[in-house]
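Notes to accompany the following structure.
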Amino acid sequence: MQNSRRHLIRLAAVLSFSAVFQSALAADAPQVSLKTSMGEIVLELYPEKAPKTVENFLQYVKSGHYNGTVFHRVISNFMIQGGGFDKDMQQKPTKAPIENEAKNGLKNDNYSVAMARTAAPHSASAQFFINVKNNSFLDYPGQDGWGYAVFGKVVKGTDVVEKIKSVDTANSGMHQNVPVKPIVIESASVIK
């Protein structure tokens with residue numbers, strides 16, 4: 001009985017430390033503000049889970065790459081994608097693609113932020129998407145053995161995400177699901 005009580009006390013102490021540690025990690029997590037033509041979205045990033053992806057994203061933010069880009073692909077029951085095209089649907093040049101870090105335990109659930117890529121697993125560069133529902137089929141290993149790398153979550157502006165996912169879309173040249181009225185990322189900046 002005495003040993004059992006000691007074990008429970010130790011377990012409680014470990015769990016308490018773990019909760020404090022997780023809380024401290026979240027407190028240190030970088031945040032990025034996306035000021036869009038429909039309102040502000042704040043993303044919290046998880047460098048401890050996706051270090052290369054977060055570093056890549058922050059480089060694009062700090063260089064001003066995202067300023068003036070649009071959410072160019074909006075599917076109301078799936079996700080909203082941006083970061084690669086200007087309002088005239090001209091693709092912006094990018095740096096070399098990065099390694100796919102989808103095997104990090106983070107899930108493509110509602111309001112999570114992940115890297116967009118082609119069919120090639122390690123092809124993500126600047127484009128990202130915000131899941132607007134739980135898209136577990138995108139989690140590692142996904143349908144192709146890789147999945148899509150989640151690296152953050154919307155912590156403010158979920159109402160803006162909801163507004164964006166509901167806009168009217170149409171085809172624009174070879175692109176589908178393009179908002180009829182451009183949704184511009186006016187600025188992207190690190191706020192924490």
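Not measured: the values here are computed from a predicted model.
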Say whether, by atom type as modelled, one donor and one acceptor occur between the side chain of [X] and the main chain of [Y] under 3.5 angstrom.
{"X": "Lys163", "Y": "Met38", "result": "yes"}
{"X": "Asp86", "Y": "Asp88", "result": "yes"}
{"X": "His72", "Y": "Pro182", "result": "no"}

Item checked: Inter- and intrachain pairs under ring-ring contact (aromatic ring centres under 6.0 Å, His included), touching residues 152-174, at least two apart ->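 Qualifying pairs, neighbours excluded: none.
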
If you compare all heavy atoms of [X] against all heavy atoms of [Y], which two are closest, and at what distance to 0.1 Å?
{"X": "Thr53", "Y": "Ala149", "result": "OG1-CB, 4.4 Å"}
{"X": "Glu186", "Y": "Thr36", "result": "OE1-O, 3.7 Å"}
{"X": "Asn104", "Y": "Ala50", "result": "ND2-CB, 3.7 Å"}
{"X": "Ser125", "Y": "Asn56", "result": "O-ND2, 2.7 Å"}
{"X": "Thr94", "Y": "Ala126", "result": "CG2-CB, 3.8 Å"}
{"X": "Val74", "Y": "Pro179", "result": "CG2-CG, 3.6 Å"}

Next item on the list: Quick one: sort the Phe57 and Tyr66 rings into parallel, tilted or perpendicular, breaks at 30° and 60°.
Entry: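 It falls in the tilted class, 30° to 60°.
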
Just jot down the side chain to side chain donor-acceptor pair (under 3.5 Å) partners of [X], sequence neighbours excluded, or say none.
{"X": "Lys156", "answer": "Glu40"}
{"X": "Lys107", "answer": "none"}
{"X": "Lys92", "answer": "none"}

Heavy atoms from other residues, nucleotides or ligands near [atom1] of [X] exceed 12 (cutoff 6.0 Å):
{"X": "Lys165", "atom1": "NZ", "answer": "yes"}
{"X": "Lys103", "atom1": "NZ", "answer": "no"}
{"X": "Lys181", "atom1": "NZ", "answer": "no"}

Interatomic distance, [X] atom [atom1] to [Y] atom [atom2] [nearest 0.5 angstrom]:
{"X": "Ile185", "Y": "Thr69", "atom1": "CD1", "atom2": "OG1", "result": "3.5 Å"}
{"X": "Asn177", "Y": "Ile80", "atom1": "CG", "atom2": "CD1", "result": "13.0 Å"}
{"X": "Arg73", "Y": "Phe85", "atom1": "CZ", "atom2": "CZ", "result": "10.5 Å"}
{"X": "Gln81", "Y": "Phe128", "atom1": "CD", "atom2": "CZ", "result": "9.0 Å"}

If two hydrophobic side chains count as joined below 4.5 Å and joins carry through other members, does [X] share a cluster with [Y]?
{"X": "Tyr148", "Y": "Tyr111", "value": "no"}
{"X": "Val178", "Y": "Val70", "value": "yes"}
{"X": "Val184", "Y": "Phe71", "value": "no"}
{"X": "Val113", "Y": "Met79", "value": "no"}

Next item on the list: List the steps, then state whether side-chain contact (heavy atoms from CB on, under 4.5 Å) holds for Val150 with Asp109.
Entry: CA-CA 9 Å; Val150 173; Asp109 56 12; over 6 Å; no

Side-chain donor-acceptor contacts of residues 129-145 below 3.5 Å, not counting sequence neighbours, with atom names and distances?
{"from": "Asn131", "atom 1": "OD1", "to": "Asn135", "atom 2": "ND2", "distance (Å)": "2.8"}
{"from": "Asn131", "atom 1": "ND2", "to": "Asn108", "atom 2": "OD1", "distance (Å)": "3.1"}
{"from": "Asn131", "atom 1": "ND2", "to": "Ser112", "atom 2": "OG", "distance (Å)": "2.9"}
{"from": "Asn134", "atom 1": "OD1", "to": "Asn110", "atom 2": "N", "distance (Å)": "2.9"}
{"from": "Asn135", "atom 1": "ND2", "to": "Phe78", "atom 2": "O", "distance (Å)": "3.0"}
{"from": "Asn135", "atom 1": "ND2", "to": "Lys133", "atom 2": "O", "distance (Å)": "3.4"}
{"from": "Asp139", "atom 1": "OD1", "to": "Asn108", "atom 2": "N", "distance (Å)": "2.6"}
{"from": "Asp139", "atom 1": "OD1", "to": "Asn108", "atom 2": "ND2", "distance (Å)": "3.1"}
{"from": "Asp144", "atom 1": "OD1", "to": "Arg117", "atom 2": "NH2", "distance (Å)": "3.3"}
{"from": "Asp144", "atom 1": "OD1", "to": "Trp146", "atom 2": "N", "distance (Å)": "3.0"}
{"from": "Asp144", "atom 1": "OD1", "to": "Gly147", "atom 2": "N", "distance (Å)": "3.2"}
{"from": "Asp144", "atom 1": "OD2", "to": "Arg117", "atom 2": "NH1", "distance (Å)": "3.3"}
{"from": "Asp144", "atom 1": "OD2", "to": "Arg117", "atom 2": "NH2", "distance (Å)": "2.6"}

How about [X] and [Y]: do any of their side-chain heavy atoms sit closer than 4.5 Å?
{"X": "Leu58", "Y": "Val190", "answer": "yes"}
{"X": "Leu43", "Y": "Val154", "answer": "yes"}
{"X": "Met115", "Y": "Gln127", "answer": "no"}

Side-chain donor/acceptor pairs under 3.5 Å, residues 166-173, sequence neighbours excluded:
{"from": "Ser166", "atom 1": "OG", "to": "Glu162", "atom 2": "O", "distance (Å)": "3.0"}

Note to self: Between Lys153 and Glu44 (salt bridge meaning N to carboxylate O under 4.0 Å), is one present in this structure?
What the structure shows: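 The answer is no: the pair does not qualify as a salt bridge.
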
Item checked: The single option from Val54, Leu45, Ile191 passing side-chain contact (heavy atoms from CB on, under 4.5 Å) against Val32 ->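 Among the candidates, only Leu45 passes.
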
